[in-house]
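Single-structure report; data block below.
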Number of protein chains: 2
Amino acid sequence: MPYPSGHAEKSKAKIVEAARCLFNAHGFEKVTIDMVMKEAGLTRGGFYRHFASKEVLYGAAVQSFLMGKGAEWRADAGVDPTNLSPEMGQQMLDSYLSAKHLGELENQCPMIALPSDVARQSPEVRQAYQNLLTAMVWLFESTQEGSAAKRRQRALAMSALCVGGMVLARTIPDSELSEEVRAAAYQAASDLTKT
Amino acid sequence: MPYPSGHAEKSKAKIVEAARCLFNAHGFEKVTIDMVMKEAGLTRGGFYRHFASKEVLYGAAVQSFLMGKGAEWRADAGVDPTNLSPEMGQQMLDSYLSAKHLGELENQCPMIALPSDVARQSPEVRQAYQNLLTAMVWLFESTQEGSAAKRRQRALAMSALCVGGMVLARTIPDSELSEEVRAAAYQAASDLTKT
DNA sequence: ACCAAAAGATGTCCTTCATCATCTTTTGAA
DNA sequence: TTCAAAAGATGATGAAGGACATCTTTTGGT
């Protein structure tokens, strides 16, 4: 089997990563196979050796965030999922609802960058999106205090605040209002942990 | 000036309403001028008598919700913006974060149906989106109790919970988790009014 | 060195639209 | 009744892009 072993996997990973960045910035429809392959340092033709369709790539791109850039992101933010303390939950809030995260179009969480895009895709893509949510909820739930039901409810609400606050802040044009929304969501989510 | 007076306006309104439904359900890219005009009971060609481009139509469609279907929606939900009481704020939460609203793809609030779509559009379209948010925040702010700063902060957080909860619930495929998210966002938003 | 299968590159097909030019219909005003 | 301007319908154009058939390159195994 010619080509160094693991070559295909490496290429595939490069394609997924390029796709993730491009989809995040421009959405599903505006990104072409051409753009993705060029960004990955390859050419159009080879694409279908790795993926059955553009849609399958989209699912892979969303999914990739969890263990890829997302893990990197958590590391940078000082969020360590093996250390489940209330401080860690707060750390997560600090980073997720930060002005910095809002500005990082290419590397921000896909839950923020492409919700309505994903909502109209196949169940597989939506499942990938759900996996991101599940991970976030789990993290908040595990770092809460109080009864199981309370922790669950708060974790879900905190996730809704994270995504809702950032989605709104990212969409509206008035940067002052945008900042206000982000800050208010952060405040409310932080308050939830201390109730 | 031939054609009954007000004919053009009526046609334009029909086009916008058809567009609003279609965009809500399928997003900007997947909707064609053809589809919109057919839905409005007209044909492709006449479109550019009314709008300069598809994008301008999109902005008009988003904007139209506030005074059009949105007003109708508020009336049905018993939300009366001339009666600014805490009960009215709660009424708004009840309806916005309801399972019914979640299922109404065509008539649901565009803030839920197309955030990431709008985020990549022109400032005009994003302004229309912001107008919806501003109206919602105003409504919550006006029906809160407490200091101005507190009311403002809570109103923004409640809006983030409304949009975030519904966006997540609409996007994930697991209907059980979806329902859980919706309910948690509702609970948290309701709690905010009583703090 | 040689072969072949995997991976990548090139060229092309075919469909889908947004947009516009042009033609037809409608009806208020003269 | 006639005219003309507004509104609507029809047909055409041109570009974009997903998908794929077909070459070409690469290199591990022999």
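All values derive from a computational prediction rather than experimental measurement.
Proximity of a side-chain donor or acceptor of E141(B) to a complementary backbone N or O of A155(B) within less than 3.5 Å is not detected. Under a 3.5 Å cut-off, the side chain of R151(A) and the backbone N or O of G146(A) do form a donor-acceptor pair.
Between Y48(A) and the phosphate of dA19(D), there is a side-chain N or O to OP1/OP2 separation shorter than 4.0 Å. Contact annotation: S11(A) side-chain N/O to dA7(C) OP1/OP2 distance is not under 4.0 Å.
No hydrogens or angles considered: nothing links the side chains of E55(B) and S53(B) as a donor-acceptor pair under 3.5 Å. In this model, no donor atom of one side chain and acceptor atom of the other lie less than 3.5 Å apart for E17(B) and S64(B). Side-chain atoms of T193(A) and Q144(A) include no donor-acceptor pair closer than 3.5 Å. Defined by atom type and a distance below 3.5 Å, a donor-acceptor pair is missing between the side-chain atoms of Q121(B) and D117(B).
Between K30(A) atom NZ and dG18(D) atom C1' the separation is 17 Å, expressed in whole Å. Remark: P of dA18(C) and CZ of F47(B) are 9 Å apart, rounded to the nearest angstrom. The NE2 atom of H50(B) sits 7 Å away from the C1' atom of dA7(D) (whole-angstrom rounding). In this structure, E29(A) places its CD atom 11 Å from P of dA18(C), rounding to the nearest Å. To the nearest angstrom, C1' of dG8(D) lies 15 Å from CZ of F51(B). For the pair F28(A) CZ and dA16(D) P, the interatomic distance rounds to 19 Å; values are reported in whole Å. K10(B) places its NZ atom 16 Å from the C1' atom of dA6(D), with the value rounded to the nearest Å. For the pair E55(B) CD and dA18(C) P, the computed distance is 12 Å after rounding to whole Å.
Comment: E39(A) does not engage K14(A) in a salt bridge, judged by the lack of any side-chain N to carboxylate O separation of less than 4.0 angstrom.
At a non-hydrogen distance threshold of 4.0 Å, nothing from residues 32-39 of chain A comes into contact with DNA chain C.
Looking at the side chain of L42(B), the nearest of the listed nucleotides dC23(D), dA19(D), dA9(D) is dA9(D). Distance from the side chain of K54(B) is smallest to dT19(C) among dT10(D), dT19(C), dA19(D). Each of dT10(D), dC23(D), dT10(C) was ranked by its minimum atom distance to the side chain of R49(A); first place goes to dC23(D).
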Enumerate the protein-to-nucleotides 12-15 of chain D contacts in which both atoms are nitrogen or oxygen and the separation is below 3.5 Å.
none

Side-chain donor-acceptor distances from residues 97-108 of chain B under 3.5 Å, at least two apart:
from: S98(B); atom 1: OG; to: S95(B); atom 2: O; distance (Å): 2.7
from: S98(B); atom 1: OG; to: H101(B); atom 2: N; distance (Å): 3.0
from: K100(B); atom 1: NZ; to: E104(B); atom 2: OE2; distance (Å): 3.3
from: H101(B); atom 1: ND1; to: Y96(B); atom 2: O; distance (Å): 2.8
from: H101(B); atom 1: NE2; to: C109(B); atom 2: N; distance (Å): 3.1
from: N107(B); atom 1: OD1; to: R20(B); atom 2: NH2; distance (Å): 2.9
from: Q108(B); atom 1: OE1; to: R170(B); atom 2: NE; distance (Å): 2.5
from: Q108(B); atom 1: NE2; to: H101(B); atom 2: O; distance (Å): 3.1
from: Q108(B); atom 1: NE2; to: L102(B); atom 2: O; distance (Å): 3.4

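When all heavy atoms of F23(A) and L114(A) are compared, the closest pair comes out as O-CD2, 3.3 Å.
With the nearest nucleotide of DNA chain D identified for both T43(B) and S53(A), T43(B) has the one nearer the 5' end.
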